[in-house]
Amino acid sequence: MYTQGLDKAGKNEVANADPETAEQLEAFQARIDAEEKIEAKDWMPEAYRRTLIRQISQHAHSEIIGMQPEGNWLTRAPSLKRKAILLAKVQDEAGHGLYLYSAAETLGVSRDQMVADLLSGKAKYSSIFNYPTLGWADIGAIGWLVDGAAIMNQIPLCRCSYGPYARAMVRVCKEESFHQRQGFEIMLTLCRGTAEQKAMAQDALKRFWWPSLMMFGPNDSNSTHSAQSMAWKIKRFSNDELRQKFVDITVRQADFLGLRVPDDKLAFNDATGHYEFSEIDWQEFFDVLAGNGPCNSQRMAKRRSAHEDGAWVREAARAYADKRAAQAAA
Amino acid sequence: MSEQVWPLYEVFIRTRGGLSHRHAGSVHAADDQMALDHARDTYTRRSEGVSLWVVRSDRIVASDPAETAAFFEPAEDKIYRHPTFYDIPDGVENL
């Protein structure tokens with residue numbers, strides 16, 4: 001999902017000062033198994049902490065980078081109403097990033113370190129945000145499909161074993177529902193419009209369908225860290241389970257819109273009660289994750305320049321705060 | 001990073017009159033006023049509150065989770081502090 005690159009980085013990152021005893025690990029797992037929430041200052045295995053820092057910070061980075069494809073249409077939204085809605089949505093994405101950074105900080109990593117890791121390219125973000133938004137219909141497709149896929153993954157995260165992450169996800173989920181519905185409504189409006197407008201919606205679905213399915217990450221058979229995340233109750237459902245659930249729900253919504261899902265092998269299986277679909281182009285997925293998607297370099301360049309261009313504001317605010325503090329002391 | 005880091009503030013929201021403030025998360029800010037503004041923009045975009053508290057995170061004094069059992073132990077053996085400790089015969093009312 002927003003943390004697909006999770007398995008790539010960070011083995012042996014932290015030298016372990018205090019070796020963890022079998023008793024500690026057992027007691028920790030017992031707390032997890034009893035559905036107790038782990039809180040910031042509680043003892044936790046170093047690997048649990050590292051996994052969470054990577055997952056939550058990648059999730060936060062995805063929200064921050066995710067503002068860009070939609071921000072691309074802020075000045076060209078077709079009406080004032082659509083512009084106001086899109087502004088609110090993009091602001092929400094920034095908010096989600098901030099909730100998540102603050103959740104990650106409770107694990108002992110600094111905000112500046114996380115930002116530095118994003119800007120240096122060390123930290124990953126979701127592959128989906130490296131695809132361009134070529135037309136207005138793409139904004140509809142993102143809300144409907146990308147936020148729809150995100151919700152599928154994030155609802156179970158509300159029950160994640162780490163308290164601060166779970167609580168942040170509750171807030172995020174409440175807001176994502178607005179995002180998905182506004183996206184579907186854009187698609188619906190286009191599909192009920194002229195033939196040309198409907199063709200725009202169809203084109204957006206065609207381009208965003210497969211990247212949306214890739215958001216759930218590799219197949220279970222290739223997802224090496226999943227088992228540990230499941231045991232720790234960070235993850236509640238496997239990548240393939242969530243992907244299947246998303247396909248089952250979304251194909252029906254596409255039918256309602258009168259749009260064609262771009263998959264010739266898509267078929268409902270009466271026996272299983274699920275849709276069957278083609279194999280994902282995993283080469284494309286890994287290429288995008290590796291930095292070779294259509295917009296990777298553009299996204300990173302824009303993020304870096306936004307950070308650098310804002311440096312004087314951060315410095316000025318700090319200088320002002322220092323001056324006021326000095327005046328108050330005098 | 002050469003810049004000085006903005007300090008961290010914890011954010012507490014009163015969702016409506018009559019309820020107490022409740023922890024919502026945290027924000028970074030250069031000063032107290034900015035912390036309030038950031039808390040408003042980050043945590044109350046949908047009218048989630050009627051009152052906000054922000055407090056520098058480094059000013060919070062917290063109990064140590066590793067000492068939880070010992071720290072709260074004095075309350076453990078004083079079951080007579082609970083009303084259910086007392087047997088009241090059937091027939092006694094309004095007690």
Side-chain angles (χ1 to χ4, degrees), chain A residues 24 31 38-44 87-89 91-106 110-117 119-120 163-165 167-172 174-175 177-178 307-308 310-325 328, chain B residues 1-16 19-50 52-73:
Chain A
Q24 281 176 312
R31 290 191 65 194
I38 308 303
E39 294 295 340
K41 308 276 189 225
D42 294 354
W43 187 88
M44 61 186 83
L87 263 175
K89 182 178 190 290
Q91 193 188 13
D92 275 353
E93 307 300 357
H96 296 175
L98 294 173
Y99 308 154
L100 289 161
Y101 281 133
S102 97
E105 280 176 274
T106 64
S110 76
R111 178 82 54 103
D112 281 12
Q113 184 60 51
M114 288 186 278
V115 171
D117 285 349
L119 297 182
S120 73
Y165 191 27
R167 292 193 288 274
M169 291 319 301
V170 170
R171 301 186 63 87
V172 169
K174 278 185 194 165
E175 299 178 357
S177 177
F178 141 58
H307 188 75
E308 285 157 17
W312 72 270
V313 179
R314 295 191 292 278
E315 281 162 26
R318 187 74 204 210
Y320 180 70
D322 289 347
K323 189 178 87 179
R324 291 289 297 263
Chain B
M1 212 164 279
S2 60
E3 308 163 23
Q4 261 186 304
V5 182
W6 286 351
L8 189 68
Y9 287 76
E10 298 302 317
V11 178
F12 300 83
I13 304 173
R14 186 201 297 283
T15 49
R16 59 174 193 274
L19 298 178
S20 49
H21 286 74
R22 192 171 168 191
H23 186 243
S26 54
V27 292
H28 284 275
D31 59 29
D32 296 353
Q33 184 58 47
M34 189 194 281
L36 267 182
D37 293 343
H38 283 182
R40 179 199 58 196
D41 294 344
T42 308
Y43 292 103
T44 63
R45 286 194 305 284
R46 287 175 176 74
S47 312
E48 286 97 336
V50 296
L52 271 179
W53 287 350
V54 292
V55 60
R56 283 274 297 257
S57 307
D58 58 10
R59 302 280 167 80
I60 290 181
V61 181
S63 62
D64 179 356
E67 301 293 326
T68 296
F71 188 72
F72 293 104
E73 188 274 333

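Numbers restart at 1 for each chain; the letters A, B, ... are given by sequence-line order, proteins then strands. The basis for the numbers below is simple: all heavy atoms, side chains too, and nothing from hydrogens, waters or symmetry mates.
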Plane angle bin for B/Trp53 and B/His21 - parallel if under 30°, tilted between 30 and 60°, otherwise perpendicular:
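It falls in the parallel class, under 30°.
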If you check every heavy atom in residues 27-35 of chain B against those of chain A, which residues fall under 4.5 Å?
B/His28, B/Ala30, B/Asp31, B/Met34
Got a sec: does the CZ of B/Arg46 have more than 12 other heavy atoms crowding it under 6.0 Å?
yes
Does any N or O in the side chain of B/Ser57 come within less than 3.5 Å of the main-chain N or O of B/Leu8, such that one atom is a donor and the other an acceptor?
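Yes; judged by distance alone, with no hydrogens or angles, the pair exists.
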For the side chain of A/Arg171 and the backbone of B/Tyr43, is there at least one donor-acceptor N/O pair under 3.5 Å apart?
yes
For A/Arg324, enumerate each residue passing the salt bridge (charged side-chain N to carboxylate O under 4.0 Å, His left out) test, keeping only those at least two apart in sequence or located in another chain.
none
Which residues share a salt bridge (charged side-chain N to carboxylate O under 4.0 Å, His left out) with B/Arg45, sequence neighbours left out
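Once residues adjacent in sequence are excluded, the partners of B/Arg45 under the salt bridge (charged side-chain N to carboxylate O under 4.0 Å, His left out) criterion are A/Asp92, A/Glu175.
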Give the member of A/His96, A/Arg167, A/Gln91 that has the highest number of heavy-atom pairs under 4.5 Å with chain B.
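Among the listed options, the one with the most contacts to chain B is A/Gln91.
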Chain B heavy atoms under 4.5 Å from A/Tyr320: which part of the residue, side chain, backbone, both or neither?
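Looking at A/Tyr320, just its side chain touches chain B.
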By the side chain to side chain donor-acceptor pair (under 3.5 Å) test, which pairs, at least two apart or in different chains, include something from residues 60-69 of chain B?
none
